[in-house]
Amino acid sequence: MHDIRAVRADPAAFDNALIRRGARACSSDILSQDERRKQAQAALQEKQARRNALAKEIGQGKRTGADTSALEAEGTTLRDEMAALESEAVAADLAARSLLEALPNTLDADVPDGASEDANMVIQQHGQRPVLPFEARQHFELGEALGQMDFANAAKLAGSRFTVLRGGLARMERALGQYMLDLHTRQHGYSEMSVPFLVNDAAVYGTAQLPKFAEDLFRTTDGRWLIPTAEVPLTNLAAGEVIPEAELPWRLTALSACYRSEAGSAGRDTRGMLRQHQFQKVEMVSITTPENSDAEHERMTRCAETVLESLGLVFRRIVLCAGDTGFGAAKTYDLEVWLPGQQAWREISSCSNCRDFQARRMNARYRSKDGKTIGHVHTLNGSGVAVGRALIAVMETHQQADGSILVPEKLVPYMGGVERISA
RNA sequence: GGAGAGAUGGCCGAGUGGCUUAAGGCGCACGCUUGGAAAGCGUGUGUGCGCGCAAGCGUACCGUGGGUUCGAAUCCCACUCUCUCCGCCA
């Protein structure tokens, strides 16, 4: 959600920011609704002031036994006039609001231009693509050969885009989640949280999945939503709060299941467990002051990179271009891991600075140290990292000629000492 | 799921139609007092929106959303959440 004051202050700049996003320039529509609201509100408030004075006068009249019928008649007239003005003000406010809330966040100046993911820029590659002395297999080939990755049974239980894991791979999924949580809580200063996986409308609106992206989500019969990421419950912990600056930054992490309808991705990544309706992810969320969000963004991305480095994975950091940056983000780094079996870079983490965009929607604020000013916080979220995709990457990266998987050193303690997964 | 009670400012708490745009207390801030402190005294102390260079003025907000009324924290309706008891349950 944008600040209407930013539109008033510089409509041309506001429109240019939208055009850069591929959105329609609409500052004049917003401003005319805003003007309409202000006029109605000013007129309404004048009437309200008169009504308050009248009511006081009538009250005094009743006590002294004076005749107040003329005043009461004026009050009745006023009431009807106010009702009309109020609905006018509300309608204009709603119109301005719905225009504003449909607009994507403003991009940071250093986000590269471009319409699609082809224009994303690689910032840095970590590690070299391994050259295996045998033909690398894809994770589902490895997993099915091990008898530990079962898509047929998953389809029987739930349909396509689900996976059943067994034995060592099931355990490695658990190990990965535990390992990442421990890393972020012990080394990176995050607080471990356990949060609801079902949330209400307000929460999903706050992080801006609603109203535009409802079709990407699963909805329960009692009107709740399955979270597509723990970003939703974690970030909304700040909703409606005024946080003392001394408490910031909040650094929160949680392991959660994530549910996505994948409505728009028919036919994409249908084999294997790369794109699922349900997957696990460790999420990091930071709530900061505006001055600190840039540094926090870099820091958070490093926290995610540390996970991949410590698992011996090859990956690169890219900055998403204007057209590929998500609706709520001002700037996003994706981490793409190299999958030797698939011979492709695949997203495994996405770290975004949303600045005050989500904070405005959920009214998350902070009070400055001197107590004098109140402002919206900046919110950031990042995967640290997607557990299912980390499992895939570990399998494809550390596969052996015989189809077994070497367990990365850091995971061995979480695997009860098991160093290799074999059939 | 059944029965009952409740939701008021940073906190406690009064308030069943006008003298409450919320008493009183606590906390906090500033000042006076003091050798210094405590106590005491005084003043101030929310958020949004509109107008204004500003000081300030107006207006809305007593869980949320509607309604009745000249006038609603107070009356009516719906919903949400909390607590107590009962039932069920990992």
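So you know, we letter chains A, B, ... as the sequences are listed, proteins then strands, and number each from 1. This one's a predicted model, so the numbers in the text were calculated from it and none came from an experiment. Reckoned from all heavy atoms, side chains included, excluding hydrogens, waters and symmetry mates.
For the pair A:Arg37 and B:rG50, the criterion of a side-chain N or O lying under 4.0 Å from OP1 or OP2 is met. For A:Arg5 and B:rG48, the shortest distance from a side-chain N or O to OP1 or OP2 is not below 4.0 Å. OP1 or OP2 of B:rU59 lies within a sub-4.0 Å distance of a side-chain N or O belonging to A:Asn52. Checking the phosphate oxygens (OP1, OP2) of B:rG71, a side-chain nitrogen or oxygen of A:Arg79 falls inside 4.0 Å. Look at A:Asn200 and you won't find any side-chain N or O under 4.0 angstrom from OP1 or OP2 of B:rU80. Listed pair A:Arg50 / B:rG58 fails the phosphate criterion, with no side-chain N or O lying under 4.0 Å from OP1 or OP2.
If you take CD on A:Gln280 and CZ on A:Arg174, they are separated by 10.5 Å, rounding to the nearest 0.5 Å.
A distance of about 12 Å separates the C1' atoms of B:rA73 and B:rU21, rounded to the whole Å. The same atom, C1', is picked in B:rA38 and in B:rG17; the two are 47 Å apart, to the nearest Å. B:rG2 sits 28 Å from B:rG66 when the C1' atoms are compared, rounded to a whole Å. B:rC62 and B:rA22 are spaced 8 Å apart, taking the C1' atom of each and rounding to whole Å. Comparing the C1' positions of B:rC70 and B:rC51 gives an interatomic distance of 27 Å, to the nearest angstrom. Taking atom C1' in both B:rA39 and B:rU34, one finds a spacing of 11 Å when rounded to whole Å. B:rG46 and B:rC41: their P atoms are spaced 23 Å apart (whole Å). B:rC26 and B:rG36 are spaced 26 Å apart, taking the C1' atom of each and rounding to whole Å.
Aromatic pair A:Tyr259/A:His277: ring centres not closer than 6.0 Å. The ring of A:Tyr366 has its center no closer than 6.0 angstrom to the ring center of A:His376.
In this structure, the side chain of A:Thr253 engages the main chain of A:Glu283 through a donor-acceptor pair within 3.5 Å. Of the possible polar contacts, none joining the A:Arg260 side chain to the A:Gln276 backbone as a donor-acceptor pair under 3.5 Å is found.
A donor N or O paired with an acceptor N or O is found under 3.5 Å between the base of B:rG58 and the side-chain atoms of A:Gln45.
Listed nucleotides: B:rU47, B:rG71, B:rC49. Nearest to the side chain of A:Arg51: B:rG71. When distances run from any side-chain atom of A:Lys38 to the nucleotides B:rU69, B:rG50, B:rU59, the shortest one goes to B:rG50.
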